[in-house]
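Take a look at the structure set out below.
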Number of protein chains: 2
Amino acid sequence: MRVSTKSRHAITAMMHLAAHSGRGPMTLSDIAQVQGMSLSYLEQLFSRLRKHGLVSGVRGPGGGYCLATHPSEINMAQIMDAVDDRSPAERERFFASYRRGARGEAHDMWHDFSQKLYGFLADMSLEDFVRAQAPTLSAPASVRRVVPMGMASQAA
Amino acid sequence: MRVSTKSRHAITAMMHLAAHSGRGPMTLSDIAQVQGMSLSYLEQLFSRLRKHGLVSGVRGPGGGYCLATHPSEINMAQIMDAVDDRSPAERERFFASYRRGARGEAHDMWHDFSQKLYGFLADMSLEDFVRAQAPTLSAPASVRRVVPMGMASQAA
DNA sequence: TGAATTCTTGACTAAATTAGTCGGGAAGAT
DNA sequence: ATCTTCCCGACTAATTTAGTCAAGAATTCA
């Protein structure tokens, strides 16, 4: 698994969409401006997010992009895979070996690490962060602490 | 936090060292050969790992690199920070903002995510993986293939 | 001492990835 | 119609990753 600055752009853009979720589409121009990046580059990223079914575009005035599904159904690993244009099969290959024919203990250890990391990323949805940031948005009384401070929450 | 292929090279190299831990130093030539990468590039990575106090070098015949401390005291985040030459202060800045003066909910969400990821990586030590790979800790040393020092270092 | 081994360092180059630019479309709204 | 916005492809620039080359310093061993 690779967490690059490209992933960061994609994730923060998706977080914007999630925060805006339910209030119609959001234009790429707005996101580009807030994130301080070029519109064309954002378009490239969203082209892939769209192809991978994470967002849907609405053309014309008043248009923009929406999340394709509920924020709780979109996780970090999906976003990263999409923006790197990685199919599930390709990700598996990515895990399988850090080098053709590599042997030795370290190979298996890397595989182990990689799996854990992917599991961690796949276990965090956009909604987790929206709720953590906006506890009094539309759920007044039943605000629960979704994400406690304790880190490193993976099971082997 | 950035998890790049550079991180992967550094982490797997450190895993080799950890697996070999207690059996004297290990040469970069051997690691380079097993991992299928160039010696000089490995040298660059280890230069940083050494400056950040994660490994120590032993020159001369029979020399090589050792972990500077016990595998249980070296975690993934340290390795990544070292190899990207990132000081604790720089990492903090990295967390603080994905863009100068960025505002909006997504900024705080990214910060939240980034902290969680760092915590996850900082919570996994090299020893965790060594143990996972070598379940029979008590009776292994002499039975295992120990790969003597000068085995096949030269031939490219 | 001298030769072999291995870390240590720096400068330079090549390849890959990231980010940006440009120009043109197509769908939809007013 | 015209404007807005998504959509798409080709091209370029900047950055990072990886490799090459060359020299030097510490250590072992003969």
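The sequence lines fix the lettering, A, B, ..., with proteins before strands; numbering per chain opens at 1.
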Just the atom pairs and distances: protein N or O near nucleotides 2-5 of chain D's N or O, under 3.5 Å.
none

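- For the helix from dT1(C)-dA30(D) to dT30(C)-dA1(D), the terminal axes (five pairs an end, C1' atoms, rotation from four pairs onto the next four) enclose an angle of 20°, given to 10 degrees.
- Distance Q33(B) CD to dT6(C) P: 12 Å, rounded to the nearest Å.
- A donor-acceptor contact shorter than 3.5 Å is absent between the side chain of S114(A) and the backbone of H111(A).
- Remark: P of dA18(D) and CG of D84(B) are 11 Å apart, rounded to the nearest angstrom.
- For the pair M37(B) and L45(B), the minimum side-chain heavy-atom distance is below 4.5 Å.
- Between F129(A) and F113(B), the ring planes lie perpendicular to each other; the angle is over 60°, past the 30° to 60° tilted range.
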Next item on the list: List the steps, then state whether side-chain hydrogen bond (donor to acceptor under 3.5 Å, both in side chains) holds for D30(A) with H16(A).
Entry: CA-CA 10 Å; D30(A) 287 350; H16(A) 274 111; over 6 Å; no
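- Checked by atom type and distance alone, the side chain of Q115(B) never pairs as donor or acceptor with a backbone atom of D112(B) at under 3.5 Å.
- Contact between R50(B) and G57(B) at its shortest, heavy atoms only, is CD-N, 4.3 Å.
- A sub-4.0 Å separation between OP1 or OP2 of dA18(D) and a side-chain N or O of T5(B) is present.
- Across the protein-nucleic acid pair, D85(A) atom CG and dT18(C) atom P stand 12 Å apart, rounded to whole Å.
- Atom CG of L54(A) is separated from atom P of dC6(D) by 17 Å (rounded to the nearest Å).
- Using a distance-only test at 3.5 Å, with no hydrogens or angles considered, a donor-acceptor pair links the side chain of H9(B) to the main chain of T5(B).
- As a whole-Å value, the separation of R8(A) CZ from dT16(D) P is 11 Å.
- Scanning residues 39-52 of chain A for heavy-atom distances under 4.0 Å to DNA chain D yields E43(A), R50(A).
- What separates CD of Q35(A) from C1' of dG20(C) is a distance of 16 Å, to the nearest Å.
- When L121(B), L54(B), D84(B), V55(B) are each tested for a side-chain contact (heavy atoms from CB on, under 4.5 Å) with I79(B), only one passes: L54(B).
- Residues F46(B) and L17(B) form a side-chain contact, since some pair of their non-hydrogen atoms from C-beta on lies under 4.5 Å apart.
- Toward the 5' end of DNA chain C, the nearer of the two residues H9(A) and G57(B), judged by each one's closest nucleotide, is G57(B).
- The shortest heavy-atom contact between C66(A) and G24(A) is SG-C, 4.2 Å.
- When only modelled atom types and interatomic distance are considered, Q35(A) and T12(A) share a side-chain donor-acceptor pair under 3.5 Å.
- Rounded to whole Å, the distance from CZ on R2(A) to P on dT16(D) is 14 Å.
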